[in-house]
2 protein chains.
Amino acid sequence: MKKTTTEEKILLSAKKVFYQKGLKGARMQEIADDAGVNKAMLHYYFRSKEKLFDKVFEQSVESVTPVLMNVFLEDSDLSTKITHMVEMLIDLFLKEPYLSNFIVNELSQNPEKFFLNVLDFEEGLIGKIIPVINQQIQSEIEKGNVNPDIRPAELIINIMSLCLLPIMGQSVLQKTLGIDTERMERFMMKRKQTVTQFVLDAIKP
Amino acid sequence: MKKTTTEEKILLSAKKVFYQKGLKGARMQEIADDAGVNKAMLHYYFRSKEKLFDKVFEQSVESVTPVLMNVFLEDSDLSTKITHMVEMLIDLFLKEPYLSNFIVNELSQNPEKFFLNVLDFEEGLIGKIIPVINQQIQSEIEKGNVNPDIRPAELIINIMSLCLLPIMGQSVLQKTLGIDTERMERFMMKRKQTVTQFVLDAIKP
DNA sequence: GTCTATACTCTGATAGAC
DNA sequence: GTCTATCAGAGTATAGAC
């Protein structure tokens, strides 16, 4: 009962190719081949390469933000929240190793492609997260559980750094440490615990 | 007394353009314009776009490794070494914000461009660093200064993550937090201390 | 060594039959 | 909706004069 329409097939293949090669590096022919359809079909459904790319980019950002949102805003104490953040981040981006790189790169080349209200400062991810986390950390500091020097925004940046950079640098790690893909996965799975521990140790008073 | 030869001018401009646009995104014309020379000159000196790119890539990797090498292998106690690592990493990559992204991206698309003995497992960066750091951490653990669960390779990955990801994600940060370039620089300068502190707190027993 | 003019290739896009 | 054939433009590469 696999009822994937041509349009969906194209979008799926486009995602695959754009993720790895970027806007300029991708070829319409390659996307068509991967989807098993004619090249003209891409234009029939999406008009142009740029429009197809925009669709992929938009969907990617939109697929990521609600997940992040949920983790950051879930109702639990700080240490379980951190544990979940780490798990979710690693799981999410390990499934799509090229995703983070893709977003970072294409974004830096076309900043105007961004707003996408999803990440809007007022209404979006950051605007909502910071106050909540801020308050939570403040209360933990008052209880004496957390080092008073910790700043919420930086804590989030630190967690994301520890989870994402190894994935973004996967190819470099593979070359320098000789790690293959399966090994990488195991490495990142173990890393869930070590990163969590690392962060928790770092924020202790 | 600025005696920059045409070849050097081209290489400099090529670096600038390739860093931002990548191999596929870069245009020979743009490089020529930036260098203030004729497009034909690029081929005269470097034969093809690919060859020019290779030169730039090679120089980039070679410019980075000795710096890293020095920091990792300098003769000092662990906490000053960590302090220096953080400072050096941030200074180095803040000067060339696109460099880390460039290496990661282009490498993932052409893994074979790599070996470049500089990063060879036996002789290169990682092969030399790990044993030294390993030993140093071991001795700090025995003295009771460091948490015995800390693993050298992961410590290095953590430090690099904390320093590099914010730079790689500069464009995202600019959009989500509304940070401009000067502000980013100040942010990263302050971050030298907070990251160092964060790491030192995390490895305490 | 440097420039102009041009050849050639690749690839995104469209027209038009079915 | 899908395919074949073809066009148009962009961009790399080279020939050849100076």
Side-chain angles (χ1 to χ4, degrees), chain A residues 1-60 98 102 105-110 112-113, chain B residues 1-60 98 102 105-110 112-113:
Chain A
M1 201 155 292
K2 53 166 173 53
K3 191 77 185 306
T4 23
T5 67
T6 302
E7 186 171 352
E8 289 166 341
K9 275 192 284 186
I10 293 175
L11 216 43
L12 228 53
S13 299
K15 202 174 103 172
K16 198 196 299 185
V17 177
F18 279 134
Y19 276 15
Q20 298 185 42
K21 312 250 171 117
L23 170 58
K24 299 291 183 170
R27 296 295 153 232
M28 294 296 265
Q29 187 62 60
E30 189 181 352
I31 296 172
D33 290 348
D34 186 278
V37 303
N38 192 282
K39 199 173 52 152
M41 288 290 91
L42 311 199
H43 290 96
Y44 175 78
Y45 283 106
F46 298 95
R47 194 127 203 115
S48 75
K49 186 186 185 186
E50 183 111 5
K51 288 235 170 47
L52 176 56
F53 177 85
D54 286 350
K55 196 82 189 173
V56 169
F57 189 77
E58 191 190 316
Q59 281 197 1
S60 303
Y98 293 98
F102 173 73
N105 275 309
E106 301 302 328
L107 194 55
S108 76
Q109 270 162 53
N110 300 64
E112 71 284 0
K113 281 203 196 303
Chain B
M1 203 155 288
K2 52 167 174 53
K3 191 81 186 305
T4 23
T5 67
T6 302
E7 186 170 353
E8 290 166 340
K9 276 193 283 183
I10 293 175
L11 216 43
L12 228 52
S13 299
K15 201 174 105 173
K16 199 196 299 185
V17 177
F18 279 133
Y19 276 14
Q20 298 184 42
K21 313 250 171 117
L23 170 58
K24 298 290 182 171
R27 296 296 151 228
M28 294 296 264
Q29 188 61 61
E30 188 180 351
I31 296 173
D33 291 347
D34 186 277
V37 303
N38 192 283
K39 204 174 44 155
M41 288 291 93
L42 310 200
H43 289 96
Y44 175 77
Y45 282 107
F46 299 94
R47 195 129 202 111
S48 74
K49 186 186 183 183
E50 183 110 7
K51 288 236 172 44
L52 176 55
F53 176 86
D54 286 349
K55 197 82 189 171
V56 169
F57 188 78
E58 192 190 315
Q59 282 198 359
S60 304
Y98 294 96
F102 173 74
N105 276 308
E106 302 303 329
L107 194 56
S108 76
Q109 270 161 53
N110 299 63
E112 73 282 0
K113 281 202 195 305

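So that the names make sense, note that chain A is the first sequence line, chain B the second, and so on, each numbered from 1. Bear in mind that the values here come from a model prediction, so they are computed numbers and not experimental data.
- Out of D/dG1, D/dA13, C/dG12, the shortest distance to the side chain of A/Tyr44 is found at D/dG1.
- With contacts defined as side-chain heavy-atom distances shorter than 4.5 Å, the pair B/Leu11/B/Tyr45 does not qualify.
- Between B/Thr6 and C/dG1 there is no side-chain polar atom (N or O) within less than 4.0 angstrom of OP1 or OP2.
- Taking atom CZ of A/Phe53 as the reference point, atom C1' of C/dG12 lies 16 Å away to the nearest angstrom.
- Two residues are said to be in side-chain contact when any heavy atoms from C-beta on lie closer than 4.5 Å; B/Ile31 and B/Leu52 meet this criterion.
- Here the C1' atom of nucleotide D/dT12 and the CE atom of B/Met41 are 15 Å apart, to the nearest Å.
- The phosphate of D/dT12 (OP1 or OP2) has a side-chain N or O of B/Arg27 nearer than 4.0 angstrom.
- Look at NZ on A/Lys24: it is 12 Å from C1' on C/dG12, rounded to the nearest Å.
- As rounded to whole Å, 15 Å separates atom P of C/dT14 from atom NZ of A/Lys49.
- Rounded to an integer number of Å, the gap from OH of A/Tyr45 to P of D/dC3 is 10 Å.
- Rounded to an integer number of Å, the gap from B/Lys39 NZ to C/dG1 P is 21 Å.
- When heavy atoms are screened at a 4.0 angstrom cut-off, A/Ala32 is found touching no nucleic acid atom at all.
- Between the C1' atom of C/dG1 and the CZ atom of B/Arg47 lies a distance of 16 Å, rounded to the nearest Å.
- Put simply, CG on A/Asn38 is 15 Å from P on C/dA13, counting in whole angstrom units.
- The phosphate of C/dA13 (OP1 or OP2) has a side-chain N or O of A/His43 nearer than 4.0 angstrom.
- The shortest non-hydrogen separation linking B/Lys51 to B/Phe46 is CB-O, 3.2 Å.
- For the 3.5 Å distance criterion, the side chains of A/Asp33 and A/Gln29 qualify, holding a donor opposite an acceptor.
- Checking D/dG1, D/dA13, C/dT14 against the side-chain heavy atoms of A/Ala40 singles out C/dT14 as nearest.
- Residues B/Thr6 and B/Tyr44 bring no donor and acceptor atom of their side chains to less than 3.5 Å of each other.
- Taking 4.0 angstrom as the limit, B/Ser48 places none of its side-chain polar atoms (N or O) nearer than this to OP1 or OP2 of D/dT12.
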